[in-house]
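Notes follow once the structure below has been shown.
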Number of protein chains: 2
Amino acid sequence: MIRLLADPLRARMVELLADGALCTCHLVAELDAKQPLVSHHLRALREAGVVEREPHGRFTYYRLRPDTLTAAADRLTALAARARANAGVRREC
Amino acid sequence: MIRLLADPLRARMVELLADGALCTCHLVAELDAKQPLVSHHLRALREAGVVEREPHGRFTYYRLRPDTLTAAADRLTALAARARANAGVRREC
DNA sequence: AGGTCTCATCAACCTGTGCTGATATCAAGC
DNA sequence: GCTTGATATCAGCACAGGTTGATGAGACCT
């Protein structure tokens, strides 16, 4: 899941979608990317639950699912908390 | 930065380091990976500030830097918050 | 129905990067 | 000082996955 945010183009897509739902053509224009590429990444994001589809006539809108992002953030904070708790630990060789 | 956690091996390394500092040989053993590969990834993590070095004799220990993880988590929660605030927005075509 | 527009899917290509083997560097012990 | 063991660096390979072009499936309009 976090793996998807690694790609710079996908990261920009979720950044744009954080300000509201957009259709594919918006993303194509804003990102200056080819349409098949945008659709491809949107599919990946959708299958991972980062984004949800909203077909509107011949346009299809995509909307960010905040819960998925929150879940990822929680995993990171939990990791940080474990690291802080074990700050003094050092396994000997 | 989040980009680094995308690789499964690096993710496992961070997971292991969350339980306390480890030296390279520990990671090589636990991950069942070749030593140059582990050193390579540790370097990437270190240059991104995810991990810090602690040379101890001929061993070098690596320790997780929780603040870096927390910073990444905060960026994700901020993104989720923006998405929630703009839940009703939909730019027209 | 025909035409046009948006979007999705497919096949093929190509770049980035994870991985390996060989080698160098440094510390510890004899 | 020499050997041994741990770690870092380098060059090269291989493959995943990002990118592109062509094509197809629906939706809207006249």
Side-chain angles (χ1 to χ4, degrees), chain A residues 1-17 20-65 68 72 89-93, chain B residues 1-17 19-65 72 89-93:
Chain A
M1 202 264 89
I2 284 190
R3 160 182 182 67
L4 291 179
L5 301 180
D7 182 68
L9 189 57
R10 278 196 296 256
R12 288 175 61 199
M13 290 170 72
V14 306
E15 192 79 25
L16 287 172
L17 288 171
L22 298 174
C23 72
T24 309
C25 60
H26 286 142
L27 292 169
V28 169
E30 299 267 2
L31 299 168
D32 193 33
K34 302 295 171 65
Q35 175 265 321
L37 180 59
V38 173
S39 286
H40 175 61
H41 285 157
L42 281 171
R43 176 189 185 140
L45 291 173
R46 181 168 53 87
E47 288 178 347
V50 181
V51 142
E52 63 185 353
R53 252 175 140 159
E54 288 184 6
H56 264 253
R58 65 180 155 180
F59 306 99
T60 59
Y61 279 85
Y62 286 88
R63 174 181 307 282
L64 221 53
R65 292 179 57 179
T68 307
V89 180
R90 174 168 65 232
R91 190 197 302 183
E92 292 305 322
C93 280
Chain B
M1 200 264 92
I2 284 191
R3 161 184 179 66
L4 291 178
L5 301 179
D7 183 68
L9 190 57
R10 278 196 297 255
R12 287 176 62 201
M13 291 171 70
V14 171
E15 195 78 27
L16 287 172
L17 289 172
D19 290 326
L22 298 174
C23 72
T24 310
C25 59
H26 286 141
L27 291 168
V28 169
E30 298 267 3
L31 298 168
D32 193 33
K34 303 295 171 63
Q35 175 266 321
L37 181 59
V38 173
S39 285
H40 175 63
H41 284 158
L42 282 172
R43 176 189 185 139
L45 291 172
R46 180 169 54 86
E47 288 179 346
V50 180
V51 143
E52 63 185 352
R53 253 174 139 157
E54 289 185 6
H56 265 253
R58 65 180 156 183
F59 306 100
T60 58
Y61 280 85
Y62 287 88
R63 176 182 306 282
L64 221 53
R65 293 179 56 179
V89 181
R90 175 170 63 235
R91 190 199 301 185
E92 293 306 321
C93 280

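Throughout, protein chains are lettered first and strands after them, A, B, ... in sequence-line order, and every chain is numbered starting at 1. Quick caveat, the model's predicted, so the values are computed rather than measured.
The distance from the CD atom of E54(A) to the OH atom of Y62(A) is 11.0 Å, given to the nearest 0.5 Å. The distance from atom NE2 of H41(B) to atom CG of L27(B), rounded to the nearest 0.5 Å, is 12.0 Å. For the atom pair SG (C23(B)) and CZ (R63(B)), the distance works out to 12.5 Å, reported to the nearest 0.5 Å.
DNA chain C is contacted by no residue of residues 42-50 of chain B, taking any non-hydrogen atom closer than 4.0 Å.
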Exercise for the section: Go through the steps to decide whether D19(B) and V89(A) satisfy the test side chain to side chain contact (heavy atoms under 4.5 Å, CB included), and finish with yes or no. Expected result: CA-CA 8 Å; D19(B) 290 326; V89(A) 180; over 6 Å; no
Practice task
Just do the side chain to side chain contact (heavy atoms under 4.5 Å, CB included) check on R46(B) and L42(B) with the steps written out, would you?
Solution key: CA-CA 6 Å; R46(B) 180 169 54 86; L42(B) 282 172; over 6 Å; no
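Residue Y61(B) is classed as having no contact, given no heavy-atom separation below 4.0 Å to the nucleic acid. If you check every strand for non-hydrogen atoms under 4.0 Å, C93(A) touches nothing.
Here dG17(D) presents its C1' atom at 12 Å from CG of L4(A), a figure rounded to the nearest Å. Taking atom CG on L27(A) and atom C1' on dC7(C), their separation rounds to 12 Å, with Å as the unit.
Between dT9(C) and S39(A), no contact under 4.0 Å exists linking OP1 or OP2 to a side-chain N or O. The shortest distance between the side-chain N/O atoms of T24(A) and the OP1/OP2 oxygens of dA8(C) is below 4.0 Å.
Scored by the side-chain hydrogen bond (donor to acceptor under 3.5 Å, both in side chains) test, H56(B) finds R90(A) as partners (sequence neighbours excluded).
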Handout entry: Contact pattern, 5' to 3', of nucleotides 18-30 of chain C - B, S or - by protein heavy atom under 4.0 Å
Key = SBBBB----SS--
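Looking at heavy atoms from C-beta onward, L64(B) lies in side-chain contact with V14(B) at the 4.5 angstrom threshold. Side-chain contact between L31(B) and L37(B): absent, with no pair of heavy atoms (C-beta onward) separated by less than 4.5 Å.
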